[in-house]
Amino acid sequence: MAKTNSGRFFEDYKIGDVISHAVPRTVGEGERALYHALYPARHALYSSDEFARDCGLPESPLDDLAAFHVVFGKTVPDVSLNAVANLGYAEGKWLKPVFAGDTLRSVSEVIGLKQNSNGKSGVVYVRTRGLNQLDEVVLDYVRWVMVRKNNLDAPAPETVIPDLNTVIPVEELVIPEGLDFRNYDFVQAGEPHRWGDYEIGEVIDHVDGVTIEEAEHMIATRLWQNTAKVHFDATFRPDGQRLIYGGHIISMARALSFNGLANAQMIVGLNGGAHANPCFSGLTVKAWSEVLDKAETSAPGVGAIRLRLVATSGGEPFALKGEDGKYKPEVLLDLDYWALMPM
Amino acid sequence: MAKTNSGRFFEDYKIGDVISHAVPRTVGEGERALYHALYPARHALYSSDEFARDCGLPESPLDDLAAFHVVFGKTVPDVSLNAVANLGYAEGKWLKPVFAGDTLRSVSEVIGLKQNSNGKSGVVYVRTRGLNQLDEVVLDYVRWVMVRKNNLDAPAPETVIPDLNTVIPVEELVIPEGLDFRNYDFVQAGEPHRWGDYEIGEVIDHVDGVTIEEAEHMIATRLWQNTAKVHFDATFRPDGQRLIYGGHIISMARALSFNGLANAQMIVGLNGGAHANPCFSGLTVKAWSEVLDKAETSAPGVGAIRLRLVATSGGEPFALKGEDGKYKPEVLLDLDYWALMPM
Amino acid sequence: MAKTNSGRFFEDYKIGDVISHAVPRTVGEGERALYHALYPARHALYSSDEFARDCGLPESPLDDLAAFHVVFGKTVPDVSLNAVANLGYAEGKWLKPVFAGDTLRSVSEVIGLKQNSNGKSGVVYVRTRGLNQLDEVVLDYVRWVMVRKNNLDAPAPETVIPDLNTVIPVEELVIPEGLDFRNYDFVQAGEPHRWGDYEIGEVIDHVDGVTIEEAEHMIATRLWQNTAKVHFDATFRPDGQRLIYGGHIISMARALSFNGLANAQMIVGLNGGAHANPCFSGLTVKAWSEVLDKAETSAPGVGAIRLRLVATSGGEPFALKGEDGKYKPEVLLDLDYWALMPM
């Protein structure tokens, strides 16, 4: 029994702990094809090597969110096996595209701890880095989770809450080396709307919907080697339902956002995100976006656009919270990210 | 709102319009593996690089129908988003095999228009070409769909009905460069029956059946980047059912036809096809074939065989239409194609 | 009708018959990705090219069980299409790793026959070899199945029961060329437990569970080109259930065993196995293991460990058989294999 991993509890984390997460993963053409099979992903830069080359990249990279899922998945056995809730993300930066043949691994550092007043759980903040086979950091983000205590008598640690940007300043965004949108092919990309066509405050209903099946979210979540029982084992929750991995909803909503945001090609920053309500199979996921900000970048023809991406399981678009200030029950996801778009 | 694609309506098409469809796609080993995972595909030329080389090809190409689905999928947002029905196919020719690493895109030309007498919809005929990264045409076919009018006051266009071959003459079929069946390995291919063993009029019950699941047809249809809502969104139809992409049934039936037609290796011509009845998950698809014609070709050891491929959801094999001349309710597909077979 | 394969019946097998099974298969990155999507597979040697290189291999091979499934799948149309039951395995040896780009085919020899006393069926023993494109044997195993007679009047063959090892002697295990565990990275592999930390008789509950969906087991079984109707056609069995391919349970249990046996990296021997009870979708598969034996090997830093792997659909771990000596109804699989582990 002692040989299996029962996960860490709140009292097992110390500020400054560095955790090298297990199971490096080589990604390739198979992961790319599966990403297209699991999500209605159509952003041209991730679909066509030719399109990517015309934008200055050596070939089509792995979808930014697929890279995120692989890096995130590795952290689950060490960070969230005993998590009660995934509370938030911040300062997510994509630093290098991931290409077929790259091998990814993850390392996390504990940067914040706060025991809850009930003494039964606490919040753990980790900064996670995804590295490739050259030890280059490809992704860097902070997330915080609520984790149960196992030993309720363990003393509360000194409270440390990291100082995190609520929005990544545009000058800190990293543009992939060589990226150039001056010869961007809007016809092949699917929409004529360029960076200048979007206005801050504009909202877009992405119209399409996808009804989720158990087999699909499990195939996706396993592909990222995310092992959390709650996604796979129908006997785990008292209600017999399998909770869908929040990242599945992120990818589904992002793929649906093609319809209206086909030119928001690359995700380079994750400012924040909330999994507002749990999602289960049988629900139909739809999405809408809001333009939160815009900025120029130093790369030729490349603008940055800050977007709110909201996934819902029904209801009217553009409704986020109720009069009580809480997310409406049909809101699944409220994500805040920076993308790159042709100017 | 104006940023999302609401699709074209009947009045938006003009004879001679050329539509460059969006989102080029690089295909590779992942798509090949997924094709084998989604359909019981066993034709040896598409399963083994060694077998393909022994037949004179550089390596195993992407399944001909997978190439078709990729090219077809790109046309959906421009041609069939507001389609009431997919009415037919003609003059489909596979002109070049698609290999791993190829990038496909699609271009369609409007070649026919006929408004319906009710004034609410019309038939649009398009000739679609799939091109690779060298701008070589790999596939060329005509399909016609019934499309709704949005503006009922729009004047009816002049009726143009293209003159289409009901059967592609064998001399117009394109045999892949280098194809040579003189050293064909019948044992590894799975059956001893050669071109000479099939008689015109012969019928073959392919025996096997596959019960279709929602997750499978959605994974397949998404893989081809086909975005029609009706396949994915259970809230779209009043009956809460997701209509299965007709191409999924084509691939399923073709794969099932291995059992009896293992040596009908390559599809080179699509003479016509009707999706006789809609298919939904839970149905069990079976298939039968009829030999419609045979012809010699100029390639060494290569014969052409014209086949009717019928998919059903039950009932007796070889029953196609009722006394009323209409397809029986269990008939899902009636396809007419040319394949290449060792002589 | 005569053109389809109705499979062999008991009276069709003769001792010494050699059957070259059809449809060679080239495997690659797509199959690797799908294996990770279908099973919670995390053994580092099969996940990371870098990890594999650090262990002396040229790159990450295809999962040993994926290689087994591909070789096995080809035998189904010739060996088990009319099988009543898959009775056992013995002397399974992995002789060479399978790498992306390899093309596999299978050849079986009939090595045993025994008609049942009821005269309606008999047991067929075959030794199957999987070969790559260089005609190197990559896998060699014996299985026996109970097959129906078609012609009940056919005379019983002379009974021949092959003399099979119940356990492969450790000196007959083949260690992949170059394998070296002296610099094994236990942190990246996911667990600190080395060969010396396991004791004969030790049992491990692998804790995690996966609820099985129809779409998933069909996608997996098709990927191996296993065509047995009973896995795919819901109209085949009177109860309308699709029997899950036994190999799907083997792979699921092996992947679940990562939690406690993360360092049992490579499977090199299959001593025996029983599919104790059938498995259907909706069941939740869990697994436990027992250490049956340990031995040193000639390879640097590489120990061999013999494991019993038991898959269940519920019940308490470590319970295998009832007082009647029969497998408990919740036991799905009882497998006996040799794996390689860092010392």
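Computed from a prediction, not measured in an experiment: that's the story for all the values here. Convention: sequence-line order gives letters A, B, ...; per-chain numbering from 1.
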Of the listed residues (L223(C), V23(C), T103(C), T221(C)), which shares the most heavy-atom pairs with chain B below a 4.5 Å separation?
->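 The candidate making the most pairs under 4.5 Å is V23(C).
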
Out of G28(C), G30(C), P24(C), which one racks up the most heavy-atom pairs below 4.5 Å with chain B?
-> P24(C)

Let me know if [X] has heavy atoms under 4.5 Å from chain B in its side chain, its backbone, both or neither.
X: R32(C); value: neither
X: I219(C); value: both
X: H21(C); value: backbone
X: A234(C); value: both

When you measure from the side chain of E330(B) to the backbone N and O of G315(B), does any donor-acceptor pair fall under 3.5 Å?
->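 No; zero donor-acceptor contacts below 3.5 Å.
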
Residues from residues 35-44 of chain B approaching chain C under 4.5 Å (heavy atoms) = H36(B), A37(B), L38(B), Y39(B), P40(B), A41(B), R42(B), A44(B)

Atom pair [atom1] ([X]) and [atom2] ([Y]), whose distance is rounded to the nearest 0.5 Å:
X: T26(C); Y: F51(B); atom1: OG1; atom2: CZ; value: 11.5 Å
X: R306(B); Y: Y337(B); atom1: CZ; atom2: OH; value: 12.0 Å
X: D140(C); Y: L131(C); atom1: CG; atom2: CG; value: 9.5 Å

Looking at A52(B), G209(B), A189(B), A215(B), which makes the most heavy-atom pairs under 4.5 Å with chain C?
->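 Highest number of pairs under 4.5 Å: G209(B).
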
Option in H193(B), E29(B), E214(B), E50(B) with maximal non-hydrogen atom pairs under 4.5 Å from chain C =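 Looking at each option in turn, the highest pair count goes to H193(B).
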
Counting heavy atoms not belonging to E59(C), are there more than 12 under 6.0 Å from its CD?
-> yes

D197(B) atom CG, neighbour heavy-atom count above 12 within 6.0 Å | yes

Lys/Arg N to Asp/Glu carboxylate O, R308(B) vs D293(B), below 4.0 Å =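 Here R308(B) does not pair with D293(B) in a salt bridge, since their nearest N and O are not under 4.0 Å apart.
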
Any Lys/Arg nitrogen of K3(C) or E191(B) sitting under 4.0 Å from an Asp/Glu carboxylate oxygen of the other?
->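 The answer is no: the pair does not qualify as a salt bridge.
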
Which is it for W94(C) and Y141(C) under the side chain to side chain contact (heavy atoms under 4.5 Å, CB included) test, yes or no, and what are the steps along the way?
-> CA-CA 9 Å; W94(C) 280 259; Y141(C) 68 94; over 6 Å; no

Side chain / backbone / both / neither for T284(B) at chain C, heavy atoms under 4.5 Å =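 The side chain, not the backbone.
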
Passing candidate, side-chain hydrogen bond (donor to acceptor under 3.5 Å, both in side chains) with D102(B), options K96(B), R25(B), Q133(B) | Q133(B)

